[in-house]
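Please read the structure below before turning to the comments.
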Amino acid sequence: MENKKDFFEVWKEESPETLQAFFDFAGAIGKHGGLDEKTFQLVYIGMQTCKGNAASVAGHTVFAKQAGATREEIKGVIFTSMMEVGINGVYDCLLAALEAYDNAQ
């Protein structure tokens with residue numbers, strides 16, 4: 001069975017400078033955007049749910065939990081996103097988020 005690399009692994013191998021620039025940019029927004037870490041992660045989860053990006057939702061759910069978000073808050077932001085995109089954005093993201101939350105340390 002082949003071990004498939006994820007997007008960020010490939011990006012790091014192919015262009016580590018641009019990956020670092022992206023993380024620096026994202027970090028600056030997180031630090032200076034006027035939101036605390038939990039709120040920032042919840043907003044970002046909602047945005048990614050609207051795009052149907054289950055992998056990003058799962059990853060940022062772990063960050064949100066580490067920042068103090070509850071399981072109910074995670075579900076709430078995903079269900080709220082349904083008002084914008086309907087069931088399509090929520091379809092893959094709800095399960096991915098809840099599994100990530102339940103498995104996060």
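From a predicted model like this one, the values you see are computed outputs, not experimental measurements. Because only heavy atoms are used, hydrogens play no part in the values below, and waters and symmetry mates are left out as well, while side chains stay in.
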*Qualifying residue for side-chain contact (heavy atoms from CB on, under 4.5 Å) with L42, from I74, T80, I78*: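 Result: among I74, T80, I78, I74 is the only option passing the side-chain contact (heavy atoms from CB on, under 4.5 Å) with L42.
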_So, applying side-chain contact (heavy atoms from CB on, under 4.5 Å) with M47, which one of V43, T49, I45 is it?_
V43
To the closest 0.5 Å, what do you measure between [atom1] ([X]) and [atom2] ([Y])?
X	Y	atom1	atom2	result
I29	D24	CD1	CG	11.5 Å
E73	Y101	CD	OH	8.0 Å
C93	L98	SG	CG	11.0 Å
I87	F79	CD1	CZ	9.5 Å

Can you give each donor-acceptor pair under 3.5 Å made by side-chain atoms of residues 50-58, sequence neighbours left out, with the distance rounded to 0.1 Å?
from, atom 1, to, atom 2, distance (Å)
N53, OD1, S56, N, 3.1
N53, ND2, Q48, OE1, 3.0

_Using modelled atom types and a 3.5 Å cut-off, is there a donor and acceptor pairing between side-chain atoms of E9 and backbone atoms of D6?_
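It does hold such a pair.
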*Same cluster for M83 and V90 if Ile/Leu/Val/Met/Phe/Trp/Tyr side chains link at under 4.5 Å?*
no
*asked:* Between V77 and L94, is there shared hydrophobic-cluster membership here, with clusters defined by ILVMFWY side-chain heavy atoms closer than 4.5 Å?
replied: yes
_W11 vs F22 side-chain heavy atoms within contact, under 4.5 Å_ = yes
*Check the surroundings of atom CZ in F25: do more than 12 heavy atoms from other residues, nucleotides or ligands lie under 6.0 Å from it?*
no
*Where is the tightest heavy-atom contact between A67 and E37, given as atom of each residue plus distance?*
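Distance-wise, the nearest heavy atoms are CB-CG, 3.6 Å.
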*Using the side chain to side chain donor-acceptor pair (under 3.5 Å) rule, pick out the option among H60, Q66, K65 that qualifies with Q41.*
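Only one of H60, Q66, K65 forms a side chain to side chain donor-acceptor pair (under 3.5 Å) with Q41, namely H60.
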*Step by step, work out the side-chain contact (heavy atoms from CB on, under 4.5 Å) result for R71 and D102.*
CA-CA 8 Å; R71 197 171 193 272; D102 292 343; 2.8 Å; yes
